[in-house]
Amino acid sequence: MASHFTYIHELRELIASSSTASAGAAPGSAHLEVKLREVLPNLLRDYVIPSPKASERERREVIALLKLVAYAALKFPGVFYNGRSADVVSVIGRILPFLAEPDFRSSHELIFNAVWNLLSILRTGDREAYRQFFLDAMVAVEDLLYVASMHDESPSGVPPGRCLVKCLCGSFSNILDSPGPYSELPSSCQPKNGPGVQVDLTGDARWRPFATSLIKLVNKCLADGTLYVDGLVNMPFVSAACSILCYGDGSLHKVCFDFARIVATVMTAEILPLENIIRSIACILGQDAAELSDIRDADYDFSMGACLHALHSSCPGYIVESTAADIVNVLQRAVKASKSAELQVAMYTAYKRIIELCSAEVWKPEIFLKLLCLPKPCSKLIECIRVVISKFGQDFFTLDDGNNQSSLQARSENSDLPKVGQKRISQNEESSFSKRQKMTESGFSAGVGFKLKEDYGTLRQSLFTLIKSLSPDNYETSPETAIEVISLLCLSLCVYSKTSLFTRVSKQVLSWISWIHKQITQRNMFSFDAPLYFEALHTVMLLQFNLPGHAKLFEDESHFIGDVTHFVHPIYADLINMLKLMLDDGHVVTQTSSDYKIKCLLIQTIAKVGNKLNAGCDLEVLDLAIRNGTAEIQNESIMSLPIIVLYSGPNMLGAMFRKLESVGALGLETVGKSMAFSLGFLSCLNGTTDCTDNVGNHCNLFLDKHSEQPVSTLDLLSRGFWCPQCDIRNRIVQNEDKISIMDTALVHVENVDFNINISKAHTLFFKFLYAETSEESIVYWVEVLPRLLRHSSRHVLLEMRTQWVQCFEFLLLHQMKAVREAFSGVVCCFLEKNVMDVLFSDGLGKDGGTKELQFMDKIKCAFTEAEYSHILLTLLESTGTIMKVSDIHGEVFFCSFVLLIDLLDNHNSIIRMTALRLIHRCCNYCFKGGLDHFLSKYSNARDNLYNYLSSRLVTHPIMIKEFAEDVVGIKTKELIERMVPSVIPKLIVSLPNNNHAIITLRELASHLNTELVQLIINWLPTVLCFALFYDDGQHLASVLQFYKNETETDTKELFAAALPTLLDEIVCFPGESDQIETDIRTAKISPTIQNIARILTGNETLPQFLRNDFVRLLNSIDKKMLHSDDMKLQKQALQRIRKLVEMMGRYLSTHTPKIMVLLIFAIDKEGLQMDGLDVLHFFIKQLAEVSPNSIKYVMSQVVAAFIPSLEKCKVCPSAHLSKIVEILEELVVKNNSLLEQHIRELPLLPSLQPLSEVNKVIQEARGLMTLQDHLKDAVNGLNHESLNVRYMVACELSKLFNARREDLTALIIGEDIAHLDVISSLIMALLKGCAEQSRTNVGQRLKIVCADCLGALGAVDPAKVKVISCERFKIKCSDDDLIFELIHKHLARAFRAAADTTVHDSAALAIQELLKLAGCQSSPSDDNLRIKLL
């Protein structure tokens, strides 16, 4: 066998050639893999042997081979794994003991990588073996805890004898039957009892590194392959892994912290000993950092901080409370001593949660202020401050304006708080580890304060004193710390911007400007956290309009400098000068990394100065920043232009547009987005400021409470700018998370020419849109296009009309895909009325709808001119967007729909699928209930679509098939069947002028597998109906001639054959979308039917012509229209009933029962009540003219139907009351003399003023009635056929019993035979009412009222009651007697009392059939006689 060095040299050459070879040179890699399979088992067997006495040369050999193993496992996993896990497990078992060898401590990272690469092979190749290894590792960790405790308990630190631990027992047990080239372990690693790997862990130098690597390996398994070890982690293992922390060194601590963090993050924190770990961390943090310098470095603190953050954030509240004192006691020392930002953040996050959940005695307000005064306060403290204020309430920190500052200062001096700038004295060891307080409360009430407000007023007083001491005139030794503290307070309190506390802090922030300006002038480097201060300064300027009492920042007149005409505040002057100095390239006052950030913050600040900003000299700083600044500073300067207008007023608009124009002349390539968005926001400000309405029609600026500072001006405007015209659809104006920081309605406007400004905006827009810039820049200009259009006046749009139309065409077919896609998202702004009226019409807005067609013509032309499929795809997207936002009844919607349908048979499959997807998306968005529901509801749109489809039937059959199957979801034949009723009439009418109509008709017949003649005969009624109404029947002659040619049938025969269905078509048409068109066609019903009557009979008398069709027509109206789900169609049904009533003439009384059923149904529905009352009134007047005697049959029904509504009018007046009164007066007052006897039976109506005349007539007809008369009338009423009448009578009877109870009692106990007969009849009628079938609500209420009446009668002596025996029908009787009995006692009553047309028609049919059986047949002579009698 060749020597070890020969193998290594040969493998090194193969690896080098393999890594430098091309990707296609597979033979070299294959050769290397073969070589590795050949030599690696021998090398591992001979050289990779754990030995405590290994020489330096042997260690180098082992390290070289372990590198080779790691490389081979990563690049050539097949060397170790060929369908079985035995070799991989064996190699891991050979390598693992090296992690416990002290001589290999420096190479543990290499050994760990080799083991992990081998484990990765198991994870992908043999999941069960991987899971078994993880189980073995968990057992090993539990064993390690025992090893650690043995070492700890031993007096010398090392237990007597060797400490040998057997690992991976389960994994090696599974491979006993699978020996391989790697399966033999060194003798030192073979345990004496059973399979596994033996590791010597004697001494801390052995077990600690091994435990560290093993837990690190477990961590990686949990983090990188959580799903592979799901369900394996158990409580003993977790407890052991966390407990071993107590025995480890720094490295072991870090992996234990990582373990706890990973378990809490990827699994659950519930299985961790959370409280113990948190206490352990607190214990470590409580130690002097100098004493633990050997283990506590930045990495150690990072791991500990990450662990604390994960555990404390996810632990239950009771653990937060139990560990709160431990955390609070070490908080100040930890954040002060640690160099890890992660640990500081974790401590502050934990402190924040403690403040939220615990009482003030626990979180100690004095520590809260000490943390604030640390030399380098952490920004995470901002959240803690906000929680404190939120918990106490803003009112608790309201400043006291009284003159008690001296006492406040004196009291604060007694408190144990450090002065700003002074050295902080750390707590002694004893106070750091004071005994944890017993928790007595988990929180406190905001109304109580801490324990008591007076006990903790020190916090409030100390905070106010601290704010006062943070002044450049009052600081003691450290101005840098004072600046940082006041900045931190400002950023913390900005969410409470309307408090006086924030006002005081804001003024303190401003007071440092002059001091800082002086430092800059002297060219001193900033010694404080400059970004933090300038961020606070910007926050003050941003929220200045939210200050309480409209406090002004630069208007303290006692400090103005200058003459009377031109004066400025010194702070303002220093701010401007400071910005100019900062923007000077030769003036460096900060480190390069933060210089640009400070400059951006200064630009943001200067833009928010307000109306004192000078458009000339002060804005020179923007020019300086734009010319000399970096890309970030240039963009910030340009985006500040709309902010300047927001804060300084619309008088700055002109200057800002000019500034934007000058920037554009510079030709900067990196400011395209800022230029576009700035122009867009300026256009919104220009357009909304030019309004007289100050309520809700102005731009606003909002700030998100939870946004992280600093926020760039672009982000601020993108998230918080709200325009009432541009942003109303996609943003909620106000909610709890947003602060309104600016409202332009509050700004005074004078002498501003808005038209000139917006004209300049248009010019700039077109200049930059057509400029040769990047694709990204053009996209940004397209995105702001709607803001310009929406805020342009009619005059400006007329001037720029040609340019905008060209722009529209240019963007539709732009060569850049991103530009076209951006335009498809904003193209809908051209559909807005003020834009379309100007750009796509004659400019006067009087084109009568051609603007929609002109707009769609542009889209169609773009489809025609599109040369490439990718352009066609974006045009489809634009069309889909247009379709979604347009009116579903308009021309734009229909034309867009047709454009999409047209592409369903495109040769490009991508275009076909895109068109289909857009059709489905638009249909789901636009139609509630889907396309089918829309087409069934809107006949006009349906007819237009079907006409279009029929026109494509011959030339584009594939398109028709795709539309039917993929859009509608039906077969093509079924779609044609749906189309036929709509398209055939139009095609036949258009035959004289349309040569293709007959071809289309034949194609329709072909699709339906029928002949043309059969098709047109089947739809003859529909065709005749259409021809009669279309163009006032001018095409009827040509239609009849066509039928005559095709069927050889004359006109009279055609009309006679189609008459029943034709009448249905004429009367029950569904109506047009335009109500005016529907009313016109309804008015033509009578003349049209007269025309048909003239053709068939030569007579135009409608009642005679329709006498046999009225019932069928009423039934058709009822089923097709009145009982539909469409309220509009139901109202049309009432108008058709009115039209039939008008045409019935002398036959009206014959159909009165059916008409009453339909009208009562309509009156009972809330939405139809007014229309139903109108038709009922018309019906009653017509009936009174035609057959006055028939009024008596409807009077009781009408009154009974009205009484429930009249009763409600006592409580709540009804809008229909006047109409009801009008109908009742028509019935009762006008027919008083004719129907006095029937009026007498009516009850008095509710006592309402409008009903006084009706009640007077009823009272006069009733006269003086005795109780017996009332009861007789009640008996008659309770036996009435109408259920409503019976219920009305029962209610009146109940009222009578209550009003005349004593008289009723006397009548019952009397002996008068006549009275007893009445009582007997009444009882029988009430019992019959109690037996009423309660299929309706009225029937149920009738049963209840009859039962109440029986109860009011009381216990009547049965001897006095005459029970009328039930008349049993004789079984032996003649047919005529049976027919008479059925009709007289059953069917006639059912016919008159029917509540719906189904029962009414069934009763009528039964009567007819019985009469036929009795031999009663009508004859022409009988009909003539009946007519004469009428």
**Student:** Distance from E661 atom CD to L666 atom CG, nearest 0.5 Å?
**Tutor:** 11.5 Å
**Student:** Mark yes or no for whether R801, through its side chain, and V838, through its backbone, hold a donor-acceptor pair below 3.5 Å.
**Tutor:** yes
**Student:** Hey, would you say the F545 and Y647 ring centroids sit under 6.0 Å apart?
**Tutor:** yes
**Student:** Does V388 form a side-chain contact (heavy atoms from CB on, under 4.5 Å) with C384? I'd like the steps, not just the answer.
**Tutor:** CA-CA 6 Å; V388 171; C384 298; 5.6 Å; no
**Student:** Verify ring pair (Phe, Tyr, Trp, His ring centres under 6.0 Å) between Y770 and F810, making sure each step is shown before the conclusion.
**Tutor:** CA-CA 10 Å; Y770 295 123; F810 169 72; 5.0 Å; yes
**Student:** Could you check whether any side-chain N or O of K608 sits under 3.5 Å from a backbone N or O of Q604, counting only pairs where one atom can act as donor and the other as acceptor?
**Tutor:** yes
**Student:** Compute the ring centroids of Y496 and F502, then answer whether they are less than 6.0 Å apart.
**Tutor:** no
**Student:** So which atom in C699 and which in C684 form the shortest heavy-atom distance, rounded to 0.1 Å?
**Tutor:** SG-O, 3.8 Å
**Student:** Any side-chain heavy atom of L679 within less than 4.5 Å of one from F657?
**Tutor:** yes
**Student:** I would like to know whether C494 and R386 meet side-chain contact (heavy atoms from CB on, under 4.5 Å); could you show each step before the answer?
**Tutor:** CA-CA 9 Å; C494 66; R386 291 179 180 176; 3.3 Å; yes
**Student:** Could you tell me if the side chain of E632 sits less than 4.5 Å from the side chain of E636, heavy atoms only?
**Tutor:** no
**Student:** Are L532 and L491 close enough, and set up right, to give a side-chain contact (heavy atoms from CB on, under 4.5 Å), and what steps lead you there?
**Tutor:** CA-CA 9 Å; L532 180 67; L491 295 175; 3.6 Å; yes
**Student:** Side-chain donor-acceptor pair under 3.5 Å between S774 and S777, yes or no?
**Tutor:** yes
**Student:** Which pair of heavy atoms, one from C828 and one from G825, lies closest together, and at what distance?
**Tutor:** SG-O, 4.3 Å
**Student:** Where the side chain of Q634 meets the backbone of I626, is there a donor-acceptor pair that is under 3.5 Å apart?
**Tutor:** yes
**Student:** Can you confirm whether L769 sits close enough to V782 that some side-chain heavy atom of one is under 4.5 Å from a side-chain heavy atom of the other?
**Tutor:** yes
**Student:** Over all heavy atoms of both residues, which pair between S824 and S878 is shortest? Give the atoms and the distance, please.
**Tutor:** CB-OG, 3.1 Å
**Student:** L789 and L797: which non-hydrogen atoms are nearest, and at how many Å?
**Tutor:** CD2-CD2, 3.9 Å
**Student:** Can you find a pair of side-chain heavy atoms, one from N686 and one from P650, that are under 4.5 Å apart?
**Tutor:** no
**Student:** Is the backbone of H814 close enough, under 3.5 Å, to the side chain of R820 for a donor and an acceptor to pair up by distance?
**Tutor:** yes
**Student:** With rounding to the nearest 0.5 angstrom, report the CE to CG distance, M675 to L764.
**Tutor:** 7.0 Å
**Student:** Is the side chain of S497 donor-acceptor paired with the backbone N or O of L493 at a distance under 3.5 Å, no angle test?
**Tutor:** no
**Student:** In terms of heavy-atom contacts, does CD of E776 have more than 12 from other residues, nucleotides or ligands at under 6.0 Å?
**Tutor:** no
**Student:** Show the nearest heavy-atom pair for residues F768 and T773, with the distance to one decimal.
**Tutor:** O-OG1, 4.3 Å
**Student:** Under 3.5 Å, is there a donor on one side chain and an acceptor on the other for D715 and S712?
**Tutor:** yes
**Student:** From W512 CH2 over to I486 CD1, what is the distance, rounded to the nearest 0.5 angstrom?
**Tutor:** 9.5 Å
**Student:** Do any N or O atoms from the side chain of S678 and from the backbone of I638 form a donor-acceptor pair under 3.5 angstrom?
**Tutor:** yes
**Student:** Is it true that a side-chain atom of N635 and a backbone atom of T670 form a donor plus acceptor pair closer than 3.5 Å?
**Tutor:** yes
**Student:** OG/S469 to CD/Q508 distance, rounded to the nearest 0.5 angstrom?
**Tutor:** 8.0 Å
**Student:** Is any side-chain heavy atom of N757 closer than 4.5 Å to one of M656?
**Tutor:** no
**Student:** Side chains of I382 and L489: closer than 4.5 Å at any heavy-atom pair?
**Tutor:** no
**Student:** Working to the nearest 0.5 angstrom, can you tell me the gap between I603 CD1 and I598 CD1?
**Tutor:** 12.0 Å
**Student:** Under a 4.5 Å cut-off applied to non-hydrogen side-chain atoms, are M541 and L510 in contact?
**Tutor:** yes
**Student:** Do D727 and R787 sit within salt-bridge range, that is, some charged N less than 4.0 Å from a carboxylate O?
**Tutor:** yes
**Student:** If I take atom CG from residue L703 and atom CG from residue L543, how far apart are they, to the nearest 0.5 angstrom?
**Tutor:** 6.5 Å
**Student:** Take V826 and V784 through the side-chain contact (heavy atoms from CB on, under 4.5 Å) test and state the conclusion after the steps.
**Tutor:** CA-CA 9 Å; V826 301; V784 301; over 6 Å; no
**Student:** What do you reckon, are the aromatic ring centroids of H538 and F534 less than 6.0 Å apart?
**Tutor:** no
**Student:** Would you call I606 and I644 a side-chain contact if the rule is heavy atoms closer than 4.5 Å?
**Tutor:** no
**Student:** Shortest non-hydrogen contact from S674 to M639?
**Tutor:** O-SD, 3.4 Å
**Student:** Relative to the ring of W804, is the ring of H762 parallel (under 30°), tilted (30 to 60°) or perpendicular (over 60°)?
**Tutor:** perpendicular
**Student:** Do any N or O atoms from the side chain of E484 and from the backbone of Y533 form a donor-acceptor pair under 3.5 angstrom?
**Tutor:** no
